[in-house]
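The chains referred to below are lettered A, B, ... by the order of the sequence lines, with proteins before strands, and numbering in each begins at 1.
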Amino acid sequence: MYHVKKECVAMLLAGGQGSRLYALTQDMAKPAVPYGGKYRIIDFPLSNCVNSGIDTVGVLTQYQPLVLNEYIGNGQPWGLDRVHGGVHVLPPYESFSGASWYKGTANAIYQNMSFIDRYNPEYVIILSGDHIYKMDYADMLEFHKERNASATIAVLEVPWEEAPRFGIMSTDENDRITEFAEKPEHPESNLASMGIYMFNWKDLRRHLIENENDEAASKDFGKNIIPAMLNEGLKLVAYPFEGYWKDVGTIDSLWEANMDLLNPKVPLDLYEENWKIYSRNPVYPPHFSSESSKIENSMITEGCKISGEIDFSVLFAGVVVEEGAIVRDSIIMPNTVIKKGAVIEYAIIGEECVIGENVHIGGRPEDIDDKESWGVSVIGHEINISANTVIPAKSMISESV
Amino acid sequence: MASMSDVMGLVFSNMHDSCITELTEQRTMASVPFGGRYRLIDFMLSNMVNSGVTDAGVITKSNYQSLLDHLSSGQEWDLARKTGGLKLLPPFGHAGSGIYRGRMEALAGVQEYIRRNDADYVILADSNVIANMDLKPFVEFHKKRQADITVVYGRQYCTKEESKSKLVLFCDENDRVFDVLTGPEINGEINVALNIYVMNKKFLQTLIVEAACRNQYSFEKDILQKKLREFKVLAYKYQGYFAQIDSMKVFFKSNFDLLNSDIRTELFKVDSPIYTKVRDEPPAKYGIGASVRNSLMADGCIIEGKVENSIIFRGVKIEKDSIIKNSIIMQGSVIKQGSDINYAVLDKTVHVSEGSRLTGTADYPVFIKKAAKV
C-alpha cells in the first residue's frame with residue numbers, strides 16, 4: 001500500500017495504569033486523567049506533536065482504554081485527522097503467531113513496527129502519556145540531526161536527592177551520553193531522562209528485534225534498549241530541556257501540578273497563543289458566577305455554575321458549587337456537584353460525583369498536629385457522598401458513602 | 001416523531017444587517033457575537049442539527065469573511081458530512097448582479113443547490129433568533145395540516161418602536177394566517193413571526209421561478225402579503241424562550257437574559273446543545289482580588305478586577321482595580337488597570353487604557369467598535 005513518507009513518526013506510550021493514582025485510575029488509563037480544568041494528561045504530548053509539526057502519532061493503549069479511545073477519536077481536536085498520517089490508537093492485537101499483551105515499553109513499539117514502517121520514517125520519537133510539559137520536538141530533532149546521533153534523550157536537571165527516582169545520564173562535554181543508570185542508588189549525575197527519546201528508525205528497529213529475541217530482557221527502553229545501544233558504541237546524546245516538566249504519577253504530584261497553574265512563578269503558561277494545548281472540548285455555555293459567588297486564585301471553565309466560595313482551586317467543565325459551599329486548595333473534575341454548605345479542602349474530587357450538603361472533605365495541614373496523617377484526600381469518579389459525612393484528610397474513597 | 005431526513009435547511013446570514021449597523025459593519029448578522037462565546041447563527045444551526053436536519057445551506061451576501069472563518073467545514077456543528085452537511089452559499093453571479101435585494105432573489109441564486117437536494121421539505125430561517133427550538137413538531141405540523149407555507153411565531157409584548165422592525169401575523173382559531181403586517185407600530189402583545197418557514201420543496205421552487213419572472217424579490221411583501229388568500233399559510237406557535245435580535249437595544253437586553261438561570265437552562269440543554277467554534281482557550285483564571293458577581297464568563301479570560309452583571313467573552317483580560325458593570329465585553333478585549341465601565345458594549349479586541357471611564361445607560365449603552373483603543 002502506498003503511503004506518503006514521513007520524516008518523523010511519534011509513538012506515544014499510553015498504556016500505563018497509573019496505579020499510584022488509585023481511585024482516579026480505576027476505570028481509566030493514566031494519560032486520560034483530567035488535568036488543568038479542561039485537559040487530560042495526554043493533551044500535552046499530543047499538542048506538542050502538532051505544534052512541533054509531527055502529524056503522525058501512534059498511541060499505544062493497554063490498560064482500561066475505553067475513555068482514552070473515545071477521547072482521542074479521530075484526532076480532530078488536535079488537528080490530527082489527516083489524509084496522510086494522523087493519530088492512530090494501537091491496542092495489543094492477535095496475530096498469526098498468537099496474541100500477546102505489551103510486555104514492556106520496547107515490546108509495545110516492537111509489536112507496532114509495521115505501523116511505523118508504513119510511513120518509512122527516518123526518525124521515531126517515543127513519548128509518554130504521563131507528563132505535563134510543553135516542548136518543541138522539532139528543536140529536539142534538529143539537535144539530533146546536528147549531533148548526528150543514533151538516539152537523543154531529553155534530559156532535565158533534577159535536585160540530587162531526587163535523582164535516584166529517575167533514569168540518570170552521565171554525559172561528556174559534548175552532551176554525549178557515556179553512561180545510563182536506571183534509578184541508581186548513588187547517582188553520578190543529576191540529568192534525568194524525561195522519557196522522551198528520538199531515534200534513527202533503522203537503529204532502533206534493529207535493537208527492538210534484538211531485544212525481542214533476548215528472552216531474558218525485560219523489553220524496556222530504559223533497562224534494555226538504551227544500554228544495548230551504548231554497549232554497541234552508537235552515539236547517544238542528551239538534549240537538555242529547560243522549563244516546566246512534571247510527572248503526575250502520584251496523588252501529590254497531580255495535585256501540585258494543578259496548583260502550579262495558579263502560581264504565577266511556575267513557568268507553565270497555558271495562555272500562550274503560539275503553543276496552544278488542544279483538547280476535546282465539551283459543549284457548554286460560559287460559566288456563571290452568581291450573586292453569592294466568591295472566586296479568587298482559581299481556574300474555572302465552561303459549564304460551571306458557581307454560587308459558593310472558591311479559592312486556590314481548579315474546577316473542570318460543568319461543575320456546580322451551590323450557595324454556602326466552600327472549595328479551597330482543591331481540584332474538582334467534570335460535572336461534579338458540590339451541594340450547599342459542603343466544605344472541600346486539599347482534595348481531588350473525580351468526575352460526575354455528588355457531594356451532599358454539609359459534607360466536609362479533607363483538612364488543612366495547619367489544623368492537624370500529626371503531620372504524617374495529613375495528605376490530599378481523593379474521591380474517585382462517579383461517587384456520591386451523602387449529606388453531613390466527614391471525610392478526613394488523606395482519605396481515598398472509591399465507593400459511595 | 002418522523003425522521004427529518006427529508007428536510008433541508010437554508011439559513012439567511014445577512015437579513016436584518018441594517019438593524020444593528022454598529023455590530024454588522026464588518027460582519028454578517030449571522031456572525032454577530034453573542035452570550036460570551038457564540039455567534040448568532042450558532043443557535044439556528046444547532047437547532048437544525050439537534051432536530052435532525054443535517055443538510056444546511058447558509059446564504060451569504062456581503063461581509064461574510066468572519067462567517068466563513070467561524071463556520072469553516074461545519075465540523076463543530078457535526079455538519080462536516082459525506083452527504084449533505086453544511087454548505088456555504090456565497091452570492092452567485094449569473095442571476096443579475098449577484099447581490100440580492102430580498103429573500104426571493106437570494107433563493108433564486110441558490111436554485112441549483114435546492115434542486116440537487118433530494119429533500120421534500122425546505123426550512124428557511126433567519127440567523128437572528130436566539131432560541132433552543134425543536135423543529136420536528138413544527139415540520140410535523142406542516143405536513144399533517146398540508147399547508148403551503150408554515151411560519152413560526154411567538155407571542156411578545158412590543159412597544160410601537162419595537163414592533164416597527166417586526167413581521168406581525170394575525171391568525172384565526174385554525175392557525176390560518178389572515179393578515180401579515182410589516183413594521184406596524186403596534187403597542188401591545190403581538191404574534192411576532194420568527195422568520196422560520198417550512199415549505200414543500202416543489203412549492204418553493206415554483207415560487208422562486210414565478211417571483212424571478214415578475215421581478216419580485218421580497219418574500220414578505222410579494223408572497224406572504226400578496227398571496228395570502230391564494231395559499232394556505234399556517235402559523236405555528238413557539239412557546240419557549242426566544243429573542244429576535246433586531247436592534248442594539250434588544251441585542252443588549254437579550255445578552256443579559258442569559259444571567260437568568262431559567263432562561264439559561266432553557267437555552268443550553270444537555271441533550272440539545274448549542275454548538276459553536278472551538279477556540280481551545282484555557283479555563284478562565286481568577287486572580288487575587290478578583291470579584292465576579294452575576295456574570296457569564298467565557299474561557300481564556302484573566303480576571304483581576306471586579307465584574308458585575310456582565311457578559312465576558314473568550315480571552316478578555318480585566319486588570320486589577322477595574323470595575324465592569326452591566327456590560328458586554330467581546331473576545332480578546334483588554335481592560336487596563338483602574339478602568340470603570342458601566343452599560344457598555346465593547347466589540348472584539350478593544351483596548352481600554354489605564355484609568356478610563358466609559359458610562360452609558362440601560363437604554364443607550366456606549367458602543368466601542370472592533371479593535372478600537374480607548
Shortest non-hydrogen contact between [X] and [Y], atoms and distance:
X        : Y        : result
B:Leu79  : B:Ala56  : CD1-CB, 4.5 Å
A:Cys353 : A:Ile379 : SG-CG2, 4.1 Å
B:Ser295 : B:Asn309 : OG-N, 3.2 Å

Q: Would you mind telling me which of B:Asp299, B:Leu267, B:Leu296 has the largest number of heavy-atom pairs within less than 4.5 Å of chain A?
A: B:Asp299

Q.
Among B:Ser291, B:Ser261, B:Gly289, B:Cys301, which residue has the highest count of heavy-atom pairs closer than 4.5 Å to chain A?
A. B:Gly289

Q: Select all residues of residues 33-45 of chain B having any heavy atom within less than 4.5 Å of some heavy atom of chain A, and report them by number, or 'none'.
A: B:Gly35, B:Gly36, B:Arg37, B:Tyr38

Does [X] use its side chain to pair, donor to acceptor, with the backbone of [Y] at less than 3.5 Å?
X        : Y        : result
A:Ser292 : A:Glu323 : no
A:Ser307 : A:Glu322 : no
A:Ser330 : A:Tyr346 : yes
B:His351 : B:Ala371 : no
A:Ser298 : A:Phe312 : yes
B:Arg264 : B:Leu258 : yes

Q | Atom pair CG (A:Leu315) and CD1 (A:Ile338), whose distance is rounded to the nearest 0.5 Å | A | 7.5 Å

Contact origin within [X] toward chain A - heavy atom pairs under 4.5 Å:
X        : answer
B:Ile288 : both
B:Phe268 : side chain
B:Leu259 : both
B:Gln75  : side chain
B:Val292 : both

I'd like to know which of [options] tops the heavy-atom pair count under 4.5 Å against chain B.
options                               : result
A:Met299, A:Glu302, A:Glu296          : A:Glu302
A:Ile300, A:Leu270, A:Val314          : A:Ile300
A:Gln76, A:His287, A:Lys294, A:Lys305 : A:His287

(Q) Suppose a student defines contact as a heavy atom less than 4.5 Å from any heavy atom of chain B. Which residues in residues 276-286 of chain A would they list? (A) A:Lys276, A:Ile277, A:Tyr278, A:Ser279, A:Asn281, A:Val283, A:Tyr284, A:Pro285, A:Pro286

Q: Using non-hydrogen atoms and a 4.5 Å limit, figure out which bit of A:Ser290 sits close to chain B: side chain, backbone, both or neither.
A: backbone

**Q.** chain B contact via A:Ile310 - side chain, backbone, both or neither, heavy atoms under 4.5 Å
**A.** neither

Q. Should A:Trp275 and A:Asp269 be marked as a side-chain hydrogen bond (donor to acceptor under 3.5 Å, both in side chains) after you check the CA-CA gap, both sets of side-chain angles, and the distance that decides it?
A. CA-CA 9 Å; A:Trp275 204 272; A:Asp269 183 9; over 6 Å; no

